[in-house]
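This report refers to the structure that appears directly beneath it.
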Amino acid sequence: MSTIGYDSWAVDLAEVGAVYPFQGTETFMFILGLVFWIGWHRVQYVREGKHLDEARKMGDAEKVAKMLERY
Amino acid sequence: MDGNLNALTTVFTEFYYWVTVVFMFLIHVGFCMYEVGASRRRNHMHTLMKNVMIIPLVTVTFFFFGWWIYWAFPNAFPGMGGIGWEAGAPYAPWSENMGTHLGDRITGVFWAAFLLFSWTAASIVSGSVIERIRSSALWLHAVMIGSVWWIIDAAWGWHWDGWMVKVLGYHDAYASGVIHAIAGGYALGVIMVLGPRIGKFAADGTPRDIPPHNPWMLTIGLFLIYTGFWGFYAACNVPIIAPEVIDGQIVGTTWTATNIYLAPTTLSAITFNFLMSLSGGLMAAYIVSKGDAFWTFSGGLAGVITASAGNDLYHPIQAMLVGAVGVVIVYKLHYWVERKFKLDDAVGAVAVHGYSGVIGLILAGFLLWGAPSSPYEGYATINPIGNTIGAAIMFGLLGFLPGWVLAKMQAAAGVLRIPEEVELQGLDYAEHHAYEDAVHTIIEADKAHLASRVKA
């Protein structure tokens, strides 16, 4: 029993192909990957929007002027 | 891998591409340094983060669909045969070849070499939009240019079976067009919608220079890009291949290195030409910019980019002159476009990559006129019309147009540009406030501790 399909390397390497675990679940892994990627964009987009909204109200004139000096 | 020679060739090829990938990582390090050096202090962290996160986002999407596009799309153009489902199948993300596979030692490293080109395409766009684009907007553009548009152009014009090579005789050995013209065109489309940074233009429309905050960082960044460019050149070649494997018109038994079209060249040739075009670019840029450091160093890059389309076949002196001519045109064109259209290309990316790429393609069409574009029978030979049409496809159809359309959609939704108040405070305002608060707190704590010891 092995997750990669081999439990010993007593094999002819010419006959060996894929050796990653859980072969046969590639499509499922692809869907998981897509969800992770698109979910990341969603989380980042929402956080950035909130962050920028708060930022518009931050910083009095003195602070902004100080920031402008930070070349 | 049957036979020791085949095994050695395969393992050598695997290692060769792996080394190019490590070298090419320096391109991205260079872009990061360059962007941070060019941006103002109040935008550093966001500028850096914007470019760094291109790496994972383009990587995962290039795994999910970019690499499949390269193999399935060489003839995906009206009248050319359509999508090659069978050819693309081994490179779909659910294919066994896209994983740890003892029978396939090349797919992973070849994928990675192309992936590093993808990062470069996205990073070129990233530089031109610094200090005013929302990161979320840029990262969407990065995925589109890095994992969709450039790789479609590579399938069409940078693949042995690409329709542009067969029909137009398109020749672009080291990617003047397929990386640089498209990325420059894309950046132009985005900045046209995005608008200039506050203060870039005076009320009467006169452009103002916004100097880099750290010229030394910018210089080291450019030198790192030069260094990574060596890896890029090597990665564009097939290092060693037998004529019977190419299965084209080459006769005899002499093994050779080839360009991406499987036409013969040598590492030695491209080493000559890389250095001579770099030199031509640096020398011309020094003269035309009257010794301006930014333009002189960028001119070296522009020289290489201009000569890249034909650097597999040029004589070194031709490469030098092509690089020099390209830089003069690019420099003049940059300032003319800036004045005329009020466009703020913060790092000169449209000029150095986009205009250089276009000029390089057109020049290669003339200089290599009649040379075979491929070792296969029936392909059009290299010609100026084919390469000029190719330049328009790269810069305009697959670069400028998609960049402009997506930026327009983002602008309409109000998610392209940061608010004016934030642009003035700087994107790092929150970090700076937190930094200053933390500094204040720790100083007060230290003072309190000191006071307690004095009392004791």
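Chain letters run A, B, ... following the sequence lines, proteins first and then strands; every chain starts at 1.
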### Side-chain touch B/Pro93/A/Glu26, heavy atoms, less than 4.5 angstrom
no

### Message
Given heavy-atom pairs under 4.5 angstrom as the criterion, report whether the side chain, backbone, both or neither of B/Met53 touches chain A.
### Response
side chain

#### Entry: Residue selection (most heavy-atom pairs with chain B, distance under 4.5 Å) from A/Thr25, A/Val16, A/Asp53
A/Val16

### Query
Parallel, tilted or perpendicular: which describes the rings of A/Phe30 and B/Trp94, with under 30° parallel and over 60° perpendicular?
perpendicular

### side chain to side chain contact (heavy atoms under 4.5 Å, CB included) partner of B/Ser136, the single match among A/Arg42, A/His41, A/Glu48
A/Glu48

### Query
If you take all heavy atoms of A/Gly49 and B/Arg134, which pair is closest and at what distance?
CA-NH1, 4.3 Å

### Query
Could you go step by step and tell me if B/Glu96 and A/Tyr20 meet the side-chain contact (heavy atoms from CB on, under 4.5 Å) rule?
CA-CA 9 Å; B/Glu96 282 191 352; A/Tyr20 49 81; 3.6 Å; yes

### Task
Rounded to the nearest 0.5 Å, what's the gap from CG on B/Leu102 to OH on A/Tyr6? Could you check?
7.5 Å

### Query
Sub-3.5 Å donor-acceptor pair from the side chain of B/Gln425 to the main-chain atoms of A/Ala55, do we have one?
yes

### Task
Return yes when atom NZ of B/Lys408 has more than 12 non-hydrogen atoms of other residues, nucleotides or ligands closer than 6.0 Å, and no otherwise.
no

### Query
Heavy-atom distance under 4.5 Å to chain A: side chain of B/Pro211, backbone, both or neither?
both

### Query
Taking atom CD of B/Glu444 as the centre, does the number of heavy atoms from other residues, nucleotides or ligands within less than 6.0 Å exceed 12?
yes

### Task
Take atom CD of B/Glu420 as the centre, draw a 6.0 Å sphere, and report whether it contains more than 12 heavy atoms from other residues, nucleotides or ligands.
no

### Query
Roughly how far, to the nearest 0.5 Å, is the CG atom of A/Leu34 from the OG1 atom of B/Thr61?
10.5 Å

### Task
Taking atom CH2 of B/Trp139 as the centre, report whether more than 12 heavy atoms of other residues, nucleotides or ligands fall under 6.0 Å from it.
yes

### Message
Does atom CZ (B/Arg208) have a neighbourhood of more than 12 heavy atoms from anything else shown, all under 6.0 Å?
### Response
yes

## Note on the structure
Output for pair (B/Leu424 CG, A/Arg56 CZ), nearest 0.5 Å, gives 12.0 Å

### Task
Please look at B/Ile210 and chain A and tell me whether the side chain, the backbone, both or neither of the residue comes under 4.5 angstrom of a heavy atom of that chain.
both

#### Entry: side-chain contact (heavy atoms from CB on, under 4.5 Å) partners for B/Phe294, two or more places apart
B/Tyr34, B/Leu218, B/Asp292, B/Ser298

### Query
In Å, rounded to the nearest 0.5 Å, how long is the span from CD of B/Glu423 to CG of A/Leu52?
11.5 Å

### Test log, rule side-chain contact (heavy atoms from CB on, under 4.5 Å), inputs A/Trp40 and B/Val60
CA-CA 12 Å; A/Trp40 186 92; B/Val60 299; over 6 Å; no

### Query
Under 4.5 Å between any side-chain heavy atoms of A/Val19 and B/His101, yes or no?
no

### Summary
Interface check, chain B: of A/Phe36, A/Tyr45, A/Phe28, most non-hydrogen pairs under 4.5 Å belong to A/Tyr45

### Message
Is it the case that over 12 heavy atoms from other parts of the model lie below 6.0 angstrom from the CE atom of A/Met29?
### Response
yes

#### Entry: Toward chain B, the part of A/Ile4 with a non-hydrogen atom under 4.5 Å
neither

